[in-house]
Amino acid sequence: MTTNESTNAPATKEELQRVVEEKTAQAEAAESEPVVNPSPAKKRAPAKKAAAKKAPAKKAPAKKAAAAALADGGDAEPAAPRTAKRTTKKATAAGERTPAGRTAADTAAVPTEEVVAEQGGTAAPVVAPAPIAEPGSPAGAPAGQPEAPEPDPAAPSTPQAPEEAAPEPAPQPAPQPASEEQAGGPVTGEAVPDDVSADDLRAVVEGWSRDPHRVLGAHPAAGGWVVRTLRPDAVSVAVVDQDDTRYEARQIHGSGVFEAALPQEPGDYRVEVGYLDGQGGRDTYVVDDPYRWLPTLGEVDQYLIGEGRHEKLWQVLGAHVRRYDTPRGPVEGVSFAVWAPNAQGVKVTGDFDYWEARAYPMRQLGSIGVWELYVPGVQVGTRYRFHVLGADGVWREKADPMAFATEVPPANASVVVESTHEWNDDAWLADRARGNWHERPMSVYEVHLGSWRQGLSYRELAEQLVDYAVGAGFTHLEFLPVAEHPFGGSWGYQVTSYYAPTSRFGSPDDFRYLVDRAHQAGLGIIVDWVPAHFPKDAWALGRFDGTALYEHADPRRGEQPDWGTFVFNFGRTEVRNFLVANALFWCQEFHVDGLRVDAVASMLYLDYSREEGEWIPNVHGGRENLEAVSFLQEVNATVYREVPGVVTIAEESTAWPGVTRPTHLGGLGFGFKWNMGWMHDSLSYVQRQPVYRSYHHNQLTFSMMYAYSENYVLPISHDEVVYGKGSLLRKMPGDRWQQLANVRSYLAYMWAHPGKQLLFMGSEFAQDAEWAESRSLDWWHLDDPAHRGVLQLVTDLNARYRESPALWSLDVDPSGFRWIDANDASGNVLSFLRHGRDGGSQEQTLAVVCNFSGQPHHGYRIGLPHGGRWREVLNTDAEGYGGSGVGNYGGVDAVEESWHGQPYSATLSAPPLGTVWLLHEG
C-alpha cells in the first residue's frame, strides 16, 4: 500500500501510472490471446492497456495527426483516452465497482458475473480534471469511454437535410426547474482542457460517448477558446458570436465535427451551417448549439432519482418543452432525458434530424444512469426515439418509457406534447377531497372506450358517454386501461407507454377534456392501472439498456407465463419510483379519481400460475412476493397522502388478509377490493334453473360471512361477459322473458347487497351478445321495450340508491345489515334489512325481499323492526320494466306481530323472479 493510499490522499499521476502498468503486465501474462467483441464486463481492459503504453505528453501530437487524417475522410488510428480518467480509486485495485442503479446491498446480493456485466458507465461525468474519487461522487473523474462498438445498425445512410428555419418564438420567461436549484441554461465560463483525442471524436460521432459535452460546445484552449459542433453532412460551418462576429470552423472529423477558434470566451453564440441543396447550390441556416446548455436536471433531481424517491419523476424525465430568455432572444426547444444506467451510449433522433440518429448523442449524468440533452428548435408534435447502445454492445431503437404521447398504433414513436388545457373542475375536486368514499354512494359504469360506440374520440365521448352515464344515474365511470398499448386485443392490459393516454382517441389534452367534462357533470373517473406486467415488444421497456432493467432478471420471477409478458422488478428502487410516480401522474396530471389495480394476485404470489420448480421462494422460504407487497404499500400510502379523495381499488381474487387495511397497520393500503367471491358465487346461483336453486342457497348467503373483512366493490366486470362466458343475459336460464326477469331481479339484489356496485357496459340494457372489443355495443336493443325496461330499472336503481343512505352509509359496518330470513331455501327467497344514517341523527331502514323462484309468493310474511307503513320504492316485476306486474299496491303495513325474531311483521306479494325494496316511513 502506498503512502497516499494509507492516508486516503488522492493518488499521484505517477502512482496511478505505475499501478496501471503493473495490472497491464499481469493481464498480458494471464491472457495472451486478443479479445474479439468482448462483453461489456471486459471492455475497459484493452483501453487501459493502450493508455498505459502512451505517455500523456504525447497525446496532443497524436490528436492533431488523427484529426487531420479524419478531416480528410481517412481512418486514422484513434488515440487512447487519458489514463487518469480511466482509473478509479480503490475500485480498480480491488476489482469492485457498484453498478449504476444499485446500492451496495443490491450488489452484494447479485452474482459476481451480473455485477461485472453492468459496470459500464457508473461514475459521474464531469468536464474538468478532478481527483480520483469513488463512483458516483460529484468530485470524481468521468467514466472512461467503452471500447468502440460497431456502428449503429439503425442509423440510415441517407444524407441529413435540415428543415427550414423555424420562426423566432415569442419571448416567454424561463420555467422554474423541478428541483430546488436552477436547472438548464447555457454553459458559460466552463473550464475544460483542450486535449480531445481521436477516440473522443469517434465516440461522439458514433454515439458511445458518455459525455459529448466535454468535446462539443465552447471550451478554453491555448490562446483563446474553441467551439466544436457536430453537423453531419454540412459543407460549411461558422460560429456567430453574440456580437455577430463570424468565425469559420474547420472540419476535424469526417463524420461532421467542426471546430472554430475564438480569441475570447463566446457569448450567446449561434452556429451557421451550410448544406448542399442537391442543385449545385448551398442552403445556409443559423441554429442553436445543443451542447452549450447546462443539464435540465438539477442535483436535487439527480439525488432523488438515485434514491428512488422522485415522486414527480415525469417532470424531469421524458421530453419537455423548455423556453429560455437569452441576450440574442428567446430560445425554445425540448429537453430529453431517459434512464438507462447500463447503456454505453444513447442518442436521440426524430423528425428534427430526419431520423438519422447521427447528430444528437446524449450525456450521462453522474452514476444515476440518466442520459440527457436539450435540443433547441424541436417543437410540439415532433416524433422521436432513443437509440440505446446496450451493455451487450447491441444498438436498440427504443420508445421513451416516459413518453407523454405516442403515434397511433401500430406506429410506436414517442411524440413531444405540451398541455394547454385549462381545468374547470375545482368544485368537484373540493368535494372529492372530503374522502370517506366507503361511506358515500359509488355506482360504477365500466367502459371500454374503443367499443362503447366505435369511432368516437375523447371529446365526442365527453359528450355522449358522459351524458349517457349521468342519465343512467351512475356516480363513476371506470375505463379499461387508457395508457398506450400496441395490441387492441389486450384491451389495454399490456401497456408499453405508462405515461401516455392512448392516441387512438386523441391527444392527452383531449383525454383531460373528457375527465374535466365528467367532473363538471358530477361523474368521477376511475382508470384501470397495470403495474403487474408489461409486454415484450422489442421497442418498449424490455431489455431496455441491454440488461433486465425494468423486469426481474430471473425468468422465474421476471416473466408471466399466462400472458407472455415481463414482470416488473419490484425490488429495484428506480423501478418502484417509475411506477409510484406513474400512479401520482394519472391522479395529478389528469385529475383521475381512482386507480383500479389489475392482477394484484399475480403480484402477491411468487408461484402464481407456476408449477413446482418454476418459481423462487422468498428469503423466508415462502411463496409471498415480499417486494411486491412493499411496493403496493408504498404506492397506496403515497397516493392517499399526496392526492386527497382519490381511491385505489384492488382486483384481488384470493384470501390475502388486509388488502384494504391501512399500511400503518400492516395492510396493503387499498381503499377497496373487488369481491370476486361474491361475483362467482352469485352468478353460479342465478345461472341454474329455479328448480335447482334451493340446493345451492348457500351461494347467496355465504358472502355475508366475510362481507366486512374488507371494503368491497361488487363487480359484474368485462371478464364475466367475454371469452365464451356469455353476456349477463345469456347466463340466465329460461325463455327470454324469464332471462330478462332474472337479470332485473339479480341487479336489484346486487344494488342492495353491502358494497359498492360496478357494472360493465351493455349489461345495463341486457345486451344479448357476448362483448367483443372489435365492435360497438348492440344499441339496437334499445328499440325493444323489454331491453329499454332493463335500462330504466338500472336508472331507477341508481336513483333510489343515491337517495337511500341505508344502502351505502354503513357499507363497511356490520350494524348496517341484518338478515330477516336467510334460510328459505325451499322458496328460493332471501330477505334482509339495510340500515343507515342520512348524515345527522335520522336513521333509515330498507327491507329487501328477493324471490328467485319462478312462481310468485302471495301472502308472504316477513318480520320487520318497526311498525307502520313500508313504502314499496322498487319492484323489478313492474310492468314498466317488462315484468308481470305482481306488486303490493305501493307498500305494506307492519303490525305488532312477532316474526323472524322481529317485533313487527307484514305480509306481501313476492313477484316471480323479482326483487322488492320496502322503505320504512313510520
Side-chain angles (χ1 to χ4, degrees), residues 40 99-102 106 110 114 117-122 146 149 152-154 207-208 210 305-306 308 310 313-314 316-319 336-349 357 361-362 364-365 367-373 384-404 406 412-414 483-486 494-500 530-531 533-555 557-560 565-579 581-582:
R102 291 188 183 277
D106 292 331
V110 176
E114 293 182 29
E118 294 180 14
Q119 283 183 348
T122 57
D152 182 358
W208 46 277
R210 289 195 171 88
I305 292 173
H310 204 308
L313 190 65
W314 69 90
V316 292
L317 297 186
F336 299 94
V338 62
W339 179 60
N342 304 304
Q344 301 183 55
V346 179
K347 299 180 287 185
V348 62
T349 185
M362 304 173 73
Q364 189 180 36
L365 300 179
S367 61
I368 62 171
V370 171
W371 300 76
E372 183 270 350
L373 184 67
Y384 69 97
R385 290 190 185 93
F386 295 115
H387 284 216
V388 181
L389 177 61
D392 53 1
V394 176
W395 283 98
R396 294 172 174 84
E397 282 190 87
K398 290 289 188 177
D400 185 356
M402 303 287 295
F404 307 122
T406 71
N412 54 47
S414 305
E484 192 60 90
H485 50 282
Q494 294 199 6
V495 178
T496 48
S497 294
Y498 276 80
Y499 287 79
V530 194
H533 62 113
F534 60 94
K536 296 182 177 180
D537 298 74
W539 48 268
L541 295 178
R543 304 294 188 264
F544 190 82
D545 61 1
T547 67
L549 187 61
Y550 288 90
E551 65 273 29
H552 199 287
D554 193 315
R557 286 199 182 181
E559 296 190 18
Q560 179 49 254
T565 52
F566 285 129
V567 177
F568 282 105
N569 184 353
F570 300 112
R572 185 163 192 167
T573 56
E574 299 93 338
V575 174
R576 290 162 66 114
N577 194 172
F578 173 82
L579 292 171
N582 185 244

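Only a predicted model underlies this, so the values are computations on that prediction, with no experimental measurement involved.
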### Message
Walk me through whether Gln364 and Glu372 qualify under side-chain contact (heavy atoms from CB on, under 4.5 Å).
### Response
CA-CA 7 Å; Gln364 189 180 36; Glu372 183 270 350; over 6 Å; no
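- Val575 is not listed as a side-chain neighbour of Phe570, based on a closest heavy-atom distance of 4.5 Å or more.
- Side-chain N or O atoms of Trp371 include none that pairs as donor or acceptor with a backbone N or O of Pro361 at under 3.5 Å.
- Closest non-hydrogen pair, Arg572 versus Pro341, comes out as NH2-CG, 3.8 Å.
- Of the possible donor and acceptor atoms, one in the side chain of Lys398 sits under 3.5 Å from a partner among the backbone N and O of Ala540.
- No hydrogens or angles considered: a donor-acceptor pair under 3.5 Å links the side chains of Arg385 and Asn412.
- Within the 4.5 Å cutoff, no side-chain heavy atoms of Phe566 are placed close to those of Tyr550.
- Shown here are the side chain to side chain donor-acceptor pair (under 3.5 Å) partners of Tyr384, two or more places apart in sequence or in another chain: Asp400.
- In terms of heavy atoms, Ala548 sits closest to Ala553 at CB-CA, 3.5 Å.
- Exactly one of Glu397, Arg396, Met362 qualifies for a side-chain contact (heavy atoms from CB on, under 4.5 Å) with Phe386. That residue is Met362.
- Taking the six-membered ring where the residue is Trp, Phe578 and Phe568 present tilted rings, their angle falling between 30° and 60°.
- Thr496 pairs by the side chain to side chain donor-acceptor pair (under 3.5 Å) definition with nothing, not counting sequence neighbours.
- Panel note: side chain Asp545, backbone Asn342; a donor-acceptor pair is recorded below 3.5 Å.
- Annotation for Gly308 and Asn577: closest pair C-OD1, 3.2 Å, computed over non-hydrogen atoms.
- Lys347 places a side-chain N or O within donor-acceptor distance of the main-chain N or O of Ala357, the cut-off being under 3.5 Å.
- Taking all atoms of both residues into account, the shortest heavy-atom contact from Ala340 to Leu549 is CA-CD2, 4.4 Å.
- Note that CG of Leu313 and CE of Met402 are 4.0 Å apart. Values are rounded to the nearest 0.5 Å.
- Here the straight-line distance linking atom CG of Asp537 with atom NE2 of His485 works out to 12.0 Å at 0.5 Å rounding.
- Contact check for Val567 versus Gln560: side-chain heavy atoms found under the 4.5 Å cut-off.
- Here the closest non-hydrogen pair linking Thr406 and Ser497 is CG2-OG, 3.5 Å.
- The pair Arg543-Glu551 meets the salt-bridge criterion, with a side-chain N (NZ, NE, NH1 or NH2) lying under 4.0 Å from an Asp/Glu carboxylate O.
- Between Phe544 and Val388 the shortest heavy-atom distance is O-CG1, 3.7 Å.
- Between Trp314 and Tyr498, the distance separating the two ring centers is not shorter than 6.0 angstrom.
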